[in-house]
Amino acid sequence: MLSIALRTLRLRWTGFLGTFVALALGTGIIATMGLALAAAADAPVQAPQRFAGAPTVVRPVDELSVRTPVGIRTAPLAHPRPLTPRQLGQLAALGRTVADRSFPVRIGTGPEVLTGHPWSTAAFAPYTLTSGRAPKAPGEVVVTGSRARPGEVLPTAAGPVTVVGTVRDLGFEDAVFYTDRRAAALSPRVDQVVVDAPPEAVRAAVAVTAPRTADPGTPPALRVLTGADRRFADPDPHREEQAVVTLYALLGTAAGITGFVSVLVTASASAFAVVQRRKEFALLRTAGATPGQIRRMLFAEALAVGAVAAAAGCLLGSRGAPQLARHMVANEVAPVWFTAAVTATGSVWPYHLAFWTGLVVAFAGVVAASWRAGRTDPLEALRDASADARTAPRGRYAWGVLVLAAAAGTLAYALVSDPGELLHRKTYTSRPLLLITAFALLVPAFVRPLARLLTWLPARRPGAGGLLVRENASARVRRTAAVAAPVLVTVALAGSLLGTVATLDGARAAEIRSRTAADHILTTTAPGGFTADTVDRLRAVPGARVFPSAASAVFVREEGAALIRSDARATDPSALTTTVRLPLVAGDAGRLDDRSIIVDDAWEQHTVGDTVDLWRGDGSRATLRIAAVVRAGTGDNGVYLTARNAPGSTVDRIDVAVAPGADRAAVGEALRRTAAAIPGTEVRSRTEWVAAARPEPDRRTLAGYAVVLGIALLYTAISLANTLLMAAPEQTRELALLRLTGATGAQLLRLAAAEAVTAVAVGAILGAVVTALNLAGIHGALAVLGVPQPPPDVPWEALGATTAACGLIAAGCAAATAAVSLRGPVVRP
């Protein structure tokens, strides 16, 4: 049978072309992703940047370390403590010291935010002047890069400043340097200090030990950084690790969905190829071939095609990985080192993974088809060869129903046990695959009713075109299903992924709207937040009830080993009953005090009256009583506590309620007049605040989905072209008969395109149904979590664009194959 398989490949190479291209593409993508993952695993160690030229850097410990039964768990503190004057004095006794401060500097009212530093720290990067001079007066600054020239005046929250010099942009921050005295006035806290003394002497002076937690009022533990450890004094010392995690998530998702789509497409192409070769198999069975021989022949064909395609895919991956890396770096999805890492990677495992995965996919695609081809007797096979009367084997429907039941069961279990899990990106990215698989298996069952529905009106119009489209699409079930299946996959992926992201963003916006009861909200971009004097000035506005609050965090150990961080807001208890509408589950928000806390129901401990051991944002420990419990919702409801339990936090938001009897418009105008004299302060009404706080889709997530959908659309194009090419011989006979009845060439081209578009429409409708079911699951999870219920956000533009692209591809391929068929004689033997 091997010799027959090889001869079949040589004679029917056009029928295997689409499968070859799909396998080669899938293997190439897996190789590309594998090489990228290997490069991400070999991420270079981040070298010191801001303090590359500093001898020794001393900074407070900024991590919370908690011992658990399975080891020490760490988490970044929300409010690391600054060095104290006493500690600075001890260090100054060892040698020359330079205190460093870092604070945000917003330019004008736009989104650009620079990082302020004292000029004396610029020499440690080192930053060197490229133009102008160093700052000498309080209103003078030096900026990085070419965003401003010497002599320009920049508006900031602390007042206008004059640029007197520029330094080369080193790439890791957008900095603005003040005089040391002005930087100390803008940000009094000292974040770290450079000490020109031997490291041993510095360690002995500060008695640095392993990171430990601190109690309120005690000096922070200090950490001495030398050599490569000086990178921990950079603005974002963990950005490379975070970049690697992001790359793993993006590339892993793309590789997983690529494998899923390639299996579906290859299986669909193999099944249709077997249907097209019914007469060939019937003749082999009549000649004495056993079912096992038929199956072995198909497996031999799969082996030959799969091996060559997998090898070609590995070569494609070696060329594609550097291109992918350059694209990701250009779109700021990956760090700049990623391009060089991918180009220089010497890993072999991605090629092994891609090659053997390609073979497995080739065999997986032909398993069901080979079983069907070999299990019929000769007479039944010959009868099967005469018509396309049967829709699909019962086993396919059984598997489809089984997978559909599994999808429904897992959704129901998640809604009952942990609905919040459905809102996680990893879950809502992978969960649609079950439904897509189920509907892809069940496509033949929907072909006839949907085709008749879609062609009902054209079939009633004068002329035979509409009637022929309806009858051909309904009768040629397998061909229509083979075209509709890949369209279903692409449309369902586009609708489910993009629709879920948009629906969750809408739900979060609805939560913000429902929680906000303040009439006006004030925010600031000034370093250090709102001062006490500013709060007093705002309280003096007639008719304004002012409630300041601060962002913070708490840490709790759950399940004995997990250290969980929860965002918190420190506020006056009376604000929770005046300017905030909490989605309470139990308790009374008005009973919040310095010895209690409000938690959400996602906490392991969430019973009113119980006490919970936790760590505050600065690392100090506390035991607080649960005063109330709120719904976790989409995860943004957070925790509420008093200012005493948020040491180190600064007031960054002020909610204002208009007093009873006061004029709302007059109070708003008075607030704006007062805020105009407070640099960096912005006043928004409730409506403006809700609009500004609406979550925006994560750019990296959308970039990952764009890659996935692009791959799916490419696979769909290959599958459509392959299916229509394999159907060409059968179509040629049909067109020849129609030409004998008087049909013109233009009419036949339109007929072929209309049949293909009808099949695409069937797939698009089923894809839309899968999208609706997936979004209904997300909507149900939001309902169980008590989130305000905006309607699901269906990405109509994406669905329309995907369907239109598939329709154009199918129509073009169908018209092209029909045009080739029409070049022959009217009657074929």
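These figures come from a predicted structure and were not determined experimentally. Start at 1 with the first residue, then count along the sequence.
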Are Thr642 and Asp572 close enough that some pair of their side-chain heavy atoms sits under 4.5 Å apart? no
From CA spacing to verdict: side chain to side chain contact (heavy atoms under 4.5 Å, CB included), Leu434, Val403: CA-CA 7 Å; Leu434 270 179; Val403 175; 3.9 Å; yes
Give a yes or no on whether the backbone of Asp610 and the side-chain of Thr607 come within a donor-acceptor separation of less than 3.5 Å. no
Please identify each residue that fulfils side-chain hydrogen bond (donor to acceptor under 3.5 Å, both in side chains) with Thr771, with sequence neighbours left out. none
Should Tyr428 and Ile778 count as side-chain neighbours, where that means a heavy-atom distance under 4.5 Å? yes
Donor-acceptor contact below 3.5 Å, side chain Glu688 vs main chain Ser685: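 Between the backbone of Ser685 and the side chain of Glu688 there is a qualifying donor-acceptor contact (under 3.5 Å).
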Measure the spacing between CD1 of Ile521 and CG of Leu671 and express it to the nearest 0.5 Å.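 Rounded to the nearest 0.5 Å, the CD1-CG separation comes out at 11.0 Å.
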Has the side chain of Arg545 got a donor or acceptor atom that lies under 3.5 Å from a matching backbone atom of Thr579?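 No: the side chain of Arg545 does not pair with the backbone of Thr579.
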How long is the straight-line distance from CZ of Arg508 back to CG of Leu423, given to the nearest 0.5 Å? 7.0 Å
Min side-chain heavy-atom separation Val580-Phe547 under 4.5 Å: no
Would you call Arg569-Asp567 a salt bridge at under 4.0 Å N-O?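 Answer for the salt bridge query: no.
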Centre of Phe232's six-membered ring, under 6.0 Å away, within 45 degrees of the axis: is that where NZ or CZ of Arg223 sits?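 Cation-pi check for Arg223 and Phe232: passes.
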Asn774 (side chain) donor-acceptor with Val770 (main chain) under 3.5 angstrom: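 Present.
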Can you list every pair that meets side-chain hydrogen bond (donor to acceptor under 3.5 Å, both in side chains) and has a residue in residues 509-521, with sequence neighbours left out?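 Applying side-chain hydrogen bond (donor to acceptor under 3.5 Å, both in side chains) to every pair that reaches into residues 509-521, excluding sequence neighbours, yields Glu511-Thr634, Arg515-Asn637, Asp519-Arg664, Asp519-Arg686.
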Spell out, as yes or no, whether a donor-acceptor pair under 3.5 Å connects the side chain of Thr578 to the backbone of Ser574.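 The answer is yes, because a donor-acceptor pair under 3.5 Å joins these two groups.
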Between Arg644 and Asp593, is the closest basic N to carboxylate O distance under 4.0 Å? no
4.5 Å side-chain heavy-atom contact, Thr523 and Trp689: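 The answer is yes; the side chains approach within 4.5 Å.
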So OG of Ser566 and CZ of Phe555: to nearest 0.5 Å the spacing works out to 9.0 Å
What is the minimum heavy-atom distance between Ala692 and Arg684, and which atoms define it? CB-NE, 3.7 Å
Considering all heavy atoms, the nearest Leu563-Ala75 contact: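 For Leu563 and Ala75, the tightest heavy-atom pair comes out as CD2-CB, 3.9 Å.
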dist Ser102:OG -> Arg189:CZ (nearest 0.5 Å) comes out at 10.0 Å
Partners of Glu558 by side chain to side chain contact (heavy atoms under 4.5 Å, CB included), sequence neighbours excluded?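 Partners of Glu558 by the side chain to side chain contact (heavy atoms under 4.5 Å, CB included) criterion, ordered by chain and then number, come out as Val556, Ile564, Trp603, Glu604.
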As an exercise, state the distance from CG of Asp601 to NE2 of His606, rounded to the nearest 0.5 Å. 6.0 Å
If every non-hydrogen atom of Pro542 is compared with every non-hydrogen atom of Val667, which pair is closest and at what distance?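 Between these two residues, the closest heavy atoms are O-CG2, 3.6 Å.
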Do you know the tightest heavy-atom contact between Ala158 and Leu186? CB-CD2, 3.6 Å
With a 4.5 Å heavy-atom cut-off, do Arg557 and Thr68 have their side chains touching?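 Of all side-chain heavy-atom pairs linking Thr68 with Arg557, at least one is under 4.5 Å.
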Check: Asp663 side chain, Ala666 main-chain N or O, donor-acceptor pair, under 3.5 Å: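 Side chain of Asp663 to backbone of Ala666: a pair is present.
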Less than 4.0 Å between a side-chain N and a carboxylate O, is that true for Arg101 and Asp191? no
Would you say Leu624 and Leu614 make side-chain contact, with heavy atoms under 4.5 Å?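 In contact.
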If you count heavy atoms of other groups shown closer than 6.0 angstrom to CZ of Arg595, is the number above 12? no
Could you please spell out the steps behind the side chain to side chain contact (heavy atoms under 4.5 Å, CB included) verdict for Leu782 and Leu504? CA-CA 9 Å; Leu782 294 173; Leu504 291 180; 4.3 Å; yes
Measuring only between side-chain heavy atoms, which start at C-beta, is Thr115 closer than 4.5 Å to Phe103?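 No; the side chains remain at least 4.5 Å from each other.
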Side chain to side chain contact (heavy atoms under 4.5 Å, CB included) between Phe530 and Thr650: does it pass, once the steps are laid out? CA-CA 7 Å; Phe530 289 107; Thr650 57; over 6 Å; no
Which pair of non-hydrogen atoms, one from Pro419 and one from Ala781, has the smallest distance, and what is that distance? O-CB, 3.8 Å
Walk me through whether Leu493 and Leu433 qualify under side chain to side chain contact (heavy atoms under 4.5 Å, CB included). CA-CA 8 Å; Leu493 280 176; Leu433 302 185; 4.0 Å; yes
Between the side chains of Thr503 and Thr500, does any donor sit under 3.5 Å from an acceptor? no
Carefully, step by step, assess Arg616 and Ser620 under the rule side chain to side chain donor-acceptor pair (under 3.5 Å). CA-CA 5 Å; Arg616 303 182 182 99; Ser620 59; 3.1 Å; yes
Considering all heavy atoms, the nearest Val546-Leu538 contact: CG2-O, 3.6 Å
Check for a donor-acceptor pair, side chain of Asp655 on one end and backbone N or O of Ala518 on the other, with a separation under 3.5 Å. no
Rounded at 0.5 Å granularity, tell me how far CZ in Arg672 sits from CG in Leu522.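 The CZ atom of Arg672 sits 9.0 Å away from the CG atom of Leu522.
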Where the side chain of Thr802 meets the backbone of Leu799, is there a donor-acceptor pair that is under 3.5 Å apart?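 A pair under 3.5 Å: no.
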